[in-house]
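The structure appears below as structure tokens.
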There are 2 protein chains.
Amino acid sequence: MKLDRIDLKILKHIQTNAKTTNQDLAALVALSPSSCLQRVRRLEAEGIITGYYATLNLAKVSRHIMCIATVSMKNHSAKDFRKFESAVESIPEIVECYTVSGEFDFFLRIVCPNMARYLEINEMLVGSVNYSLKINTHVVMNENKVFKGIDLSKLSSDD
Amino acid sequence: MKLDRIDLKILKHIQTNAKTTNQDLAALVALSPSSCLQRVRRLEAEGIITGYYATLNLAKVSRHIMCIATVSMKNHSAKDFRKFESAVESIPEIVECYTVSGEFDFFLRIVCPNMARYLEINEMLVGSVNYSLKINTHVVMNENKVFKGIDLSKLSSDD
DNA sequence: ACGAGCCGCCGAATATAATTCGGTATAAGG
DNA sequence: CCTTATACCGAATTATATTCGGCGGCTCGT
């Protein structure tokens with residue numbers, strides 16, 4: 001499916017303003033509300049829009065810590081990878097996990113109530129592959145830039 | 001401001017379902033629509049809800065690469081940190097940046113159209129502090145777990 | 001214990017918005 | 001040149017958000 005300029009405009013806008021009314025969005029992209037809605041529904045149906053989220057100021061909700069962990073597997077077997085990944089999946093405090101190239105195998109971002117819980121998580125992860133991995137923890141001291149969507153104008157320039 | 005069980009229920013739900021209608025949300029938390037809306041408005045006004053986002057399947061929008069970079073400053077002066085942080089701020093392809101403790105000073109997540117552009121970004125970052133930092137790049141090969149909000153039940157248990 | 005005042009709830013009325021559904025124009029393909 | 005598919009629009013309908021007055025229960029001071 002190909003996206004035209006109007007689709008991109010819609011995506012760009014709702015990325016950071018998901019609750020914009022269809023009427024306002026329609027005005028923004030210079031379409032009638034019905035046509036605009038039709039496009040949004042299509043983008044949803046095609047799986048291009050994958051969900052709608054509200055972001056919270058977590059500090060105002062509860063006390064917590066955030067860590068970023070690098071993980072290196074000692075044993076690069078598919079089996080160990082599967083076991084580790086399923087452990088990651090099962091721990092809700094792990095909010096992001098990436099498989100990467102380079103000196104590490106995974107990056108994790110973890111948000112949990114306290115260090116005691118962080119230690120437990122660490123042990124679960126290490127235990128999942130019978131201690132054959134190395135985790136390096138980095139406590140987040142500041143969030144300089146938080147995710148606020150992708151700059152689509154930068155990406156689409158390439159196609 | 002203190003949050004009661006209903007507030008948490010609201011937050012928990014809209015975290016991943018931002019477009020739920022107020023009526024449905026009200027039913028979910030067993031309140032009348034008017035009371036429910038009042039609470040949501042309060043959560044917004046207090047800065048507890050910070051925004052509403054749509055997430056995209058980027059692969060269906062355009063070709064791109066994603067990298068995670070670790071950054072170590074050679075010179076830990078406040079001045080260099082400020083210069084680096086402002087460079088980070090000015091580069092839209094850097095979608096996340098954390099200051100951390102440990103062997104690195106920053107973690108970056110970068111989404112850009114291609115490696116050529118990634119190199120440019122690298123040079124801008126290194127140049128921002130007169131080459132006195134070390135960047136280590138890790139290309140993301142798989143997104144095992146993408147951010148889908150925080151498990152508030154895990155956090156609030158601690159208060 | 002009692003009354004005042006505050007809070008948060010509800011429901012009805014009203015205002016906005018979403019959604020549906022023809023009908024029409026444009027562009028591509030045969 | 002005709003056919004078909006596509007995407008648009010506007011009006012009608014349905015659904016939702018929003019406002020507001022009033023009601024109960026809680027707290028607090030007396």
Side-chain angles (χ1 to χ4, degrees), chain A residues 1-62 148-149 152-153 155-157 159, chain B residues 1-62 148-149 152-153 155-157 159:
Chain A
M1 173 188 174
K2 55 187 179 348
L3 304 173
D4 65 15
R5 195 178 304 99
I6 296 180
D7 290 318
L8 287 176
K9 223 168 174 176
I10 291 173
L11 293 176
K12 191 169 175 172
H13 183 78
I14 64 172
Q15 247 194 133
T16 50
N17 296 91
K19 296 262 279 195
T20 304
T21 67
N22 181 54
Q23 301 200 350
D24 290 350
L25 189 59
L28 195 73
V29 301
L31 280 184
S32 70
S34 49
S35 307
C36 184
L37 185 63
Q38 189 184 39
R39 278 172 181 265
V40 172
R41 291 284 177 263
R42 189 168 46 112
L43 292 167
E44 290 169 353
E46 298 273 348
I48 291 167
I49 297 171
T50 53
Y52 297 99
Y53 292 79
T55 55
L56 310 181
N57 181 340
L58 211 54
K60 293 191 177 180
V61 177
S62 104
K148 284 198 153 55
L152 296 180
S153 60
L155 285 183
S156 58
S157 63
D159 287 322
Chain B
M1 173 188 173
K2 53 188 179 347
L3 303 173
D4 65 16
R5 195 178 304 97
I6 296 181
D7 290 318
L8 287 176
K9 224 168 174 177
I10 291 173
L11 293 176
K12 191 168 175 172
H13 184 78
I14 64 173
Q15 248 194 132
T16 50
N17 297 90
K19 296 261 281 195
T20 304
T21 65
N22 181 54
Q23 300 199 351
D24 291 349
L25 188 60
L28 195 75
V29 302
L31 278 185
S32 69
S34 50
S35 307
C36 184
L37 185 63
Q38 188 184 40
R39 277 173 182 265
V40 172
R41 291 285 176 263
R42 188 169 47 114
L43 293 167
E44 290 169 353
E46 298 274 348
I48 290 167
I49 298 171
T50 53
Y52 296 99
Y53 292 79
T55 55
L56 310 181
N57 181 339
L58 212 53
K60 294 190 177 180
V61 176
S62 105
K148 285 197 155 54
L152 296 180
S153 59
L155 285 183
S156 57
S157 64
D159 288 321

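As the structure is a computational prediction, the values presented were derived from the model and not from experiment. Every chain is numbered from 1, with letters handed out A, B, ... down the list of sequences.
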To the nearest 0.5 Å, what is the distance between [atom1] ([X]) and [atom2] ([Y])?
X	Y	atom1	atom2	value
B:Leu31	B:Cys36	CG	SG	6.0 Å
A:Asp4	A:Arg39	CG	CZ	4.0 Å
A:Thr55	B:Gln15	OG1	CD	9.0 Å
A:Ile49	A:Ile10	CD1	CD1	7.5 Å
A:Lys9	A:Leu28	NZ	CG	6.5 Å

Of the nucleotides D:dT18, C:dC9, C:dC21, which has the atom closest to the B:Asn22 side chain?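 The answer is D:dT18.
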Atom [atom1] of [X] to atom [atom2] of [N]: distance rounded to whole Å?
X	N	atom1	atom2	result
B:Arg5	C:dG8	CZ	P	16 Å
B:Gln23	C:dA12	CD	P	14 Å
B:Ile6	C:dC7	CD1	P	18 Å
A:Tyr52	C:dA18	OH	P	11 Å
B:Leu3	C:dG8	CG	P	12 Å
B:Leu37	D:dT18	CG	P	5 Å
A:Leu31	C:dA25	CG	P	18 Å
B:Leu25	D:dT16	CG	P	13 Å

C:dC9, OP1 or OP2 - any side-chain N/O from B:Arg39 closer than 4.0 Å?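 Affirmative; the distance criterion is met.
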So, is A:Gln38 near the phosphate of D:dC8, with a side-chain N or O under 4.0 Å from OP1 or OP2?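 True: A:Gln38 side-chain N/O within range (under 4.0 Å) of D:dC8 OP1/OP2.
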Using a heavy-atom cut-off of 4.0 Å across all strands, would you classify [X] as base, sugar-phosphate, or nothing?
X	value
A:Ser35	base
B:Thr21	sugar-phosphate
B:Arg41	sugar-phosphate

